[in-house]
Amino acid sequence: MEPFYTTDVLVIGGGLAGERAAIEAAASGHKATILSLVPPRRSHSCAAQGGMQASLGNCVKASGDNAHWHFLDTVRGSDWGADQEVARMFAEEARVAVREMAYWGVPWTRATPGKNSYFIKGERVEIDEPEDKAGMIMHRDFGGTAKWRACYASAGTGHSVLYAVDAEVSRLGIEVRDRMEALSLIYDGDRCWGAVARCLRTGELTVFAAKATIIATGGYGRIYGKYTTNATINEGTGAMLALNTGKVPLGNMEAIQFHPTGLWPSGILITEGCRGDGGYLVDKDNHRFVAELEPEKQELASRDVVSRHMMQRIKDGKGADSKFGPHIWLDLRHLGEQHLKTKLREIWEICRDFAGIDPVKEMIPVRPFQHYSMGGVRVNKDGQAYNMRGLFAAGEAACWDMHGFNRLGGNSLAETVVAGRIVGQRVAQFVDGETLDVSTALTDAFKKEQEARIADWMSRKAEGPSVYDIRDAMGEIMIDKVGIFRTASELEEAVAGIKDLLEQVKTAGLHNSKPGVNPELTFALRLEAMLKLALITAKGALERQESRGAHSRVDFPQRDDKNWLKRTLARWPVGASEPELSYEPVGMLDLPPGERGYGHATRIPLEQSIEDYNATVVEAQKAAGKQDTVEPMGSQIQWGAWEQADTKAASS
């Protein structure tokens, strides 16, 4: 492989967000290159199961749905932590993105006219679906939404969408370099010029110089060790790249979502679509406790709420016992064999293959697992990173920030293609006015820095602590101290424990010091930065003295809009021993902070008027490093349009 490579747009990450952005750049006439840890069709996007939210309104239970409702549900789901302009952009574009996926070949499940049988709030219901919707993209119910909105392809939605998008990448001739890992961004002051990448097959380093670079590497769930639904490649490599510049902040890293139904004990995702299709959560006494605690939404309250109810039930001694520890049961038996082997076939296969059970006849052992990272590389609405021209981010790797402190199910899969589309367009516009004017002395310096890092690790003997032992200790700290329920004392212990692990990294050694295919070396090169991400997560959670969305402080149980209606920004200055935390407003407010409609939380209200709050946003975010956008801030907000949502139809 050549040691120096040039391209117009370098995309780091071969999942849905990265590939969709690359498509947009290539369709605009620019040369796009994708770097991926794995072949793109093996990326973590493939694991998305249940659906992709878009307000098409193609069935009776979706009647009256529109972008206003989708916007409302997204902001409420975020517990008012979202950037409301981005949430509005997303809600509008999701409908276009889903139809585009159909054009590219996604086999969406389609509406069938006439009588259809569903399970709704524990009862079998027959609904006459209208003839004029025959063959349209069908919806299923998901948590935290007023309407049925999740478009789905059985329970393999991510798989279907990823294959369709990857086929388009192939059709356009976009170059994909798999088994390649970016180790460092190349930057000169506040201008990014590409990355230094390592081939996981040979160990060779290559400079990829680019006019624009997009980080689309997914989340950082593996800082929770084995207690996550994330693939083993989700170790936060994109966040590491940004953090290591010392300039680009990470946003809301303490905002960690736990999915209620990870298969126990493996942690393999069991889609929310199971509950959307009528599945029950029951304790060891076969009691539907969530339905009792959340009578309106029942098992389809938002994920943060359902996860807390489940873990509290286990803490109260009502979990079902197993040799791996207590869990909750997910009961799908009443849905029937035909339903499970068609609309939920992938779940039936996962239960058979990984738990040895038949969900047609047996209940499924489940427990909340870390699932999604609302935090990431802080970007503006165009996807451009704070403090760094030419650097963009999209998908779960970015804090764009449409999710705030809790993501609704189905919104992340939709975000990958919506953000990929929008950010890809902005990147293409950016590249139109740029030339690749980068010094080879600069690129050589960054390459030599990575060569020195590798040489240092390869010179270490296996006499110190194992990198894998440090990794496992980090995971135990995170799940025990920075989990679903958080307290100051436990978070302080987490901060101290992670700092100790950072010290241990300095003396850790390798058993395998050979170049080329060397998974131990590959992981060692990530470990220090993973610990930094973990420390930022724990420290951000400690400093945030409120409960908002998935961030639940037992010692500060109220949502505090007076003091904490703001986003955490974390930087790690080069050479520093600790991160620096600062804050910015969440963005301009259109929907005033209010009640979510589930979860029973109380709040300390915002004392400022909405007008006064909004007046501070532009300058405060600019001072935090926000780059200028193509269109002015707030231009995409449809002020007050959410009031047009049909509240009567929501309860139907």
Side-chain angles (χ1 to χ4, degrees), residues 15-16 38-53 98 101-102 105-110 118-119 137-143 148 150-166 218 221 228-234 259-281 299-300 303 329-369 371-372 409-414 416-417:
L16 276 172
V38 294
R41 294 190 181 196
R42 300 301 299 164
S43 74
H44 190 55
S45 299
C46 196
Q49 296 169 348
M52 176 174 163
Q53 300 278 6
V98 164
M101 292 302 105
V106 173
W108 296 113
T109 298
R110 300 286 175 160
Y118 309 103
F119 267 91
I137 297 171
M138 185 55 179
H139 305 284
R140 62 167 33 126
D141 202 3
F142 253 47
W148 289 21
C151 309
Y152 63 102
S154 184
T157 312
H159 178 105
S160 299
V161 174
L162 180 60
Y163 273 52
V165 171
D166 190 57
T228 178
T229 64
N230 284 193
T232 55
I233 58 174
N234 289 115
H259 195 288
T261 53
L263 183 64
W264 183 252
S266 67
I268 297 171
L269 177 65
I270 301 296
T271 176
E272 189 165 314
C274 292
R275 288 172 286 128
D277 287 6
Y280 307 148
L281 291 169
E299 280 88 353
L300 289 174
R303 288 175 178 176
W329 293 112
L330 174 63
D331 192 356
L332 306 179
R333 295 172 297 178
H334 53 287
L335 300 182
E337 184 172 5
Q338 182 180 2
H339 188 103
L340 289 173
K341 290 187 176 180
T342 54
K343 292 186 177 180
L344 293 171
R345 182 173 183 84
E346 288 77 3
I347 300 307
W348 178 78
E349 291 175 344
I350 286 170
C351 291
R352 178 197 64 191
D353 296 342
F354 295 97
I357 61 176
D358 181 358
V360 175
K361 302 174 182 178
E362 303 167 83
M363 292 191 290
I364 305 168
V366 295
R367 188 165 168 160
F369 279 76
H371 178 62
Y372 189 83
N411 265 0
S412 65
L413 188 58
T416 61
V417 290

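Bear in mind that the values here come from a model prediction, so they are computed numbers and not experimental data.
Atoms CD and CZ, on Glu272 and Phe142 in that order, are 5.0 Å from each other to the nearest 0.5 Å. For the atom pair Arg275 CZ and Ile270 CD1, the distance stands at 11.0 Å (nearest 0.5 Å). The distance from atom SG of Cys151 to atom CZ of Arg110, rounded to the nearest 0.5 Å, is 9.5 Å. Between Arg333 atom CZ and Leu335 atom CG the span is 11.0 Å, to the nearest 0.5 Å. In this structure, NE2 in His371 is found 4.5 Å from NE2 in His259, a value given to the nearest 0.5 Å.
Looking at His44 and Val38, their side chains never come closer than 4.5 Å, going by heavy atoms from C-beta outward. Side-chain atoms of Trp348 and Asp358, non-hydrogen and from C-beta on, do get closer than 4.5 Å to each other. Leu281 is listed as a side-chain neighbour of Leu330, based on a closest heavy-atom distance under 4.5 Å. Put simply, the side chain of Leu162 reaches to within 4.5 Å of the side chain of Ser43, judged on heavy atoms. Considering only heavy atoms from C-beta on, Gln49 stays 4.5 Å or farther from Thr157 through its side chain. Considering only heavy atoms from C-beta on, Cys274 comes within 4.5 Å of Leu344 through its side chain. Proximity of Asp277 to Leu332: side-chain heavy atoms (C-beta onward) are nowhere separated by under 4.5 Å. Leu269 is not listed as a side-chain neighbour of Ile350, based on a closest heavy-atom distance of 4.5 Å or more.
Test Thr261, Asp331, Leu263 against Ile364 for side-chain contact (heavy atoms from CB on, under 4.5 Å) and you get one pass: Leu263.
Here the closest non-hydrogen pair linking Phe369 and Thr228 is CD2-N, 3.5 Å. The two atoms that bring Gly410 and Arg303 nearest to each other are N-NH2, 4.3 Å, heavy atoms only. Here the closest heavy-atom approach between residue Ala48 and residue Leu413 is recorded as CB-CD1, 3.9 Å. Closest approach of Met101 and Trp108 over heavy atoms only: CB-CZ2, 3.9 Å. Residues Met52 and Val417 approach most closely at CE-CG2, 3.1 Å, considering heavy atoms. Across every non-hydrogen atom of Arg140 and Ser154, the tightest pair is NH1-O, 3.0 Å.
Residue pairs that meet the salt bridge (charged side-chain N to carboxylate O under 4.0 Å, His left out) test with at least one member in residues 151-163, sequence neighbours left out, do not exist here.
Atom CD of Glu337 has 12 or fewer neighbouring heavy atoms from other residues, nucleotides or ligands inside a 6.0 Å radius.
Without hydrogens or angle criteria, Gln53 side chain to Gly409 main chain gives a donor-acceptor distance under 3.5 Å. When atom types are taken as modelled, the side chain of Thr416 and the backbone of Leu16 share no donor-acceptor pair closer than 3.5 angstrom.
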Does the pair Trp148 and Tyr118 meet the rule for a side-chain contact (heavy atoms from CB on, under 4.5 Å), with working shown?
CA-CA 12 Å; Trp148 289 21; Tyr118 309 103; 3.7 Å; yes
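The ring of Tyr280 has its center closer than 6.0 angstrom to the ring center of His334.
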